Amino acid sequence: MVDLRTEIAGVRLRNPTMLASGFLDETGGSMARVYEAGAGAVVTKSIGPKPREGYPNPTIVELDAGLLNAVGLPNPGIVEYAQEVKRAQKGGAVIIGSVFGKDADEYASVAAKMASYGVQAIELNLSCPHVKGAGTEIAQDAGAVRDFTRAVKDAVSVPVFPKLSPNVQDIASFAVAAEEGGADGIVAINTVKAMAIVPELKMPFLANKFGGLSGPAIRPIGVRAVYDICEKVHIPVVGVGGVGSGRDALEYIMAGACAVQVGTAIIPKGLAVFEEITKEMASLLEDAGFGSVSEAIGVAHA
Amino acid sequence: MPKFEVVPILELVRETPTTMTYRFRGDFGGQPGQFLMVWIPRYDELPMALSYLGAVKGITVHDYGDATHAFAAFSAGDRIGIRGPYGNAFRLEGEKVLAVGGGSGMASMIAAIEAFAQQGAQVVTAAGAKTAAELLFVERANASGEVHIATDDGSRGFAGFVPALAEKLVDREKFDQILTCGPERMMKAVVDLAKAHTIPIQASLERYMKCGIGICDACSLDDRLVCMDGPIFTAEQLDGFEEFGKFRRDKSGRRIPA
Ligand SMILES: Cc1cc2nc3c(=O)[nH]c(=O)nc-3n(C[C@H](O)[C@H](O)[C@H](O)COP(=O)(O)O)c2cc1C
């Protein structure tokens with residue numbers, strides 16, 4: 001039997017699959033259901049200081065190339081969200097609370113509230129508008145990545161995992177900035193900036209015009225990002241982007257990730273995807289002569 | 001069907017002062033009770049039940065907000081985006097069916113009423129509305145079986161709410177199953193009625209939706225999703241829900257009174 005247990009900065013998981021932020025995690029009932037279906041942990045929807053409706057529809061569309069979305073961070077706000085975390089905890093779920101804000105102080109205060117609900121770690125969604133950098137995201141300013149991470153680290157005692165954007169020149173340098181800010185781990189990647197236009201209507205599909213691409217198309221981008229990051233930092237890395245099978249997960253693990261997150265693959269495969277990935281991963285690892293997931297982490301760097 | 005397509009509207013039919021039917025070609029299947037995500041360009045994308053199956057599909061839209069109001073001013077030839085069909089379908093169980101519809105809820109049930117009658121079932125419809133002019137699809141239901149009418153203001157048929165009319169019908173005759181769609185509190189009353197008479201029931205629920213494909217969690221009801229696990233639920237499922245008839249979610253995901 002291959003040992004599938006893994007650990008990220010002290011957060012212990014029964015298997016290396018996690019629910020990615022933004023999927024079935026606005027409500028406690030859904031998070032409990034995903035955990036029950038076999039995920040090793042669930043990451044909450046990114047929660048901000050106050051309720052937010054997000055962008056008008058259309059916000060999500062399936063393309064041949066993947067899933068395109070611009071939901072615009074809808075969330076019930078950190079105060080209301082307490083009851084959702086509580087409901088998910090009733091189901092026994094390992095929960096990582098994803099947060100965002102408009103500045104470092106807001107990140108810190110939302111993270112502190114989230115931590116007080118008893119989540120096991122905090123994930124920082126840095127793919128949000130940067131008030132100081134007209135049109136850019138926090139994740140595109142290495143100084144901001146470091147400072148925001150530091151501010152949150154100072155406010156909570158649970159591990160903090162900044163989530164990086166692939167929409168930068170050199171993602172590894174941002175991971176280094178996060179490590180300098182005291183990050184306990186790195187999550188990579190968020191969606192890839194993208195757009196779809198509907199010729200018959202002569203307009204973009206999304207109400208927000210631009211959005212983020214996810215799904216199989218971005219897996220090679222994510223794997224490369226994780227591989228690069230692992231060469232530069234000493235903290236654990238969680239791989240996200242296009243994971244839908246055990247084989248996909250092993251790409252990230254062998255690139256150096258100690259766990260993976262799964263989002264878009266839920267559309268074709270349903271919640272059974274978590275169990276499917278773990279089973280397939282176990283049999284592939286066994287065939288390759290590994291006794292545990294941890295033995296396979298980073299082996300592609302040899 | 002491709003995951004998304006743009007279709008011209010072939011025909012608009014005014015059904016009542018506040019509802020309009022839009023017909024368009026759609027070479028995809030579609031079962032009674034399923035819905036499409038319909039993009040009204042420049043306004044919104046909303047879940048809408050298929051009110052006509054077959055090659056020329058139809059949706060019937062209640063004008064209740066900015067987007068649906070703008071949609072009411074569309075003309076034949078204007079284009080809309082559609083994706084789907086999504087969700088589960090009404091299932092025929094037994095030989096005698098009671099369909100209880102409130103207001104525009106008839107739009108979600110009319111395809112089932114017609115399909116079940118065609119499959120040989122005896123279908124009785126109880127259709128309710130605020131007032132006579134707002135009654136939807138009475139003629140279509142009438143072509144598929146007996147129709148009983150309730151209006152809140154008594155302008156036609158039974159004066160009162162449609163669950164009270166339904167109660168008279170189940171007291172009088174035996175039904176093998178009940179279908180219902182309408183405002184949630186109305187459906188709650190119909191579900192309670194079905195349970196009291198131990199008649200199996202299928203209720204079609206409505207929630208705010210973004211994705212329609214089971215990922216965004218906007219339409220969740222306890223730990224189920226209206227887009228994927230529904231929109232049609234049985235009394236056994238609804239019994240397990242704390243939120244049915246009591247809470248829904250606003251666009252931010254906050255739990256608010258239904
Ligand atoms: C509809 C949707 C909503 C998302 N919301 C968030 C979010 O709130 N916070 C976040 O950090 N990432 C969010 N993401 C990004 C995912 O967490 C993930 O990084 C991305 O989808 C790539 O993984 P996948 O290919 O497995 O989906 C969202 C993605 C989608 C498609």
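So you know, we letter chains A, B, ... as the sequences are listed, proteins then strands, and number each from 1. As the structure is a computational prediction, the values presented were derived from the model and not from experiment.
Heavy atoms closer than 4.5 Å to chain B are found nowhere in Pro268(A), neither backbone nor side chain. Looking at Met209(B), the atoms closer than 4.5 Å to chain A (heavy atoms on both sides) all sit in the backbone: N, CA, C or O. Of the atoms belonging to Arg249(B), it is side-chain heavy atoms, and not backbone ones, that fall under 4.5 Å from chain A. Residue contact with chain B, scored on non-hydrogen atoms closer than 4.5 Å, is absent for Asp64(A). Contact annotation for Leu271(A): neither backbone nor side-chain heavy atoms come within less than 4.5 Å of a heavy atom of chain B. At a 4.5 Å heavy-atom cutoff, the contact between Leu225(B) and chain A is made by backbone and side-chain atoms alike. There is no contact between Phe241(B) and chain A, counting heavy-atom distances below 4.5 Å. Using a 4.5 Å cut-off between heavy atoms, Glu62(A) touches chain B through backbone and side chain atoms alike.
Minimum interatomic distance between Pro41(B) and Met203(A) (heavy atoms only, all atoms of both residues): CB-CE, 3.9 Å. Here the closest non-hydrogen pair linking Ile60(A) and Cys216(B) is CD1-CB, 4.2 Å. For Glu53(A) against Lys210(B), the heavy-atom pair with the smallest separation is O-NZ, 4.4 Å.
Within the 4.5 Å cutoff, the side chain of Glu200(A) has no heavy atoms near those of the Glu5(B) side chain. Side-chain contact between Thr264(A) and Ile215(B) is absent, with no heavy-atom pair separated by less than 4.5 Å. No side-chain heavy atom of Tyr43(B) sits under 4.5 Å from any side-chain heavy atom of Asn57(A). Proximity of Ser30(A) to Ser220(B): side-chain heavy atoms (C-beta onward) are separated by under 4.5 Å at one or more points.
The candidate with the highest count of non-hydrogen atom pairs below 4.5 Å against chain B, out of Asp25(A), Leu201(A), Thr59(A), Leu73(A), is Leu201(A).
Using the six-membered ring where Trp is involved, Trp39(B) and Phe205(A) have ring planes that are tilted, between 30° and 60° apart.
Taking OG of Ser252(B) as the reference point, atom OH of Tyr81(A) lies at 12.0 Å (rounded to 0.5 Å). Between Lys251(B) atom NZ and Arg52(A) atom CZ the span is 13.5 Å, to the nearest 0.5 Å. Atom CZ of Arg254(B) sits about 15.5 Å away from atom OG1 of Thr27(A), to the nearest 0.5 Å.
Counted within 6.0 Å of CD on Glu15(B), heavy atoms from surrounding residues, nucleotides or ligands total more than 12; the atom is thus considered enclosed. More than 12 non-hydrogen atoms from other residues, nucleotides or ligands lie less than 6.0 angstrom from CG of Asp78(B). Atom CZ of Arg14(B) has more than 12 neighbouring heavy atoms from other residues, nucleotides or ligands inside a 6.0 Å radius.
The salt bridge (charged side-chain N to carboxylate O under 4.0 Å, His left out) test with Arg33(A) singles out one residue from Asp217(B), Asp222(B), Asp229(B), and that residue is Asp229(B).
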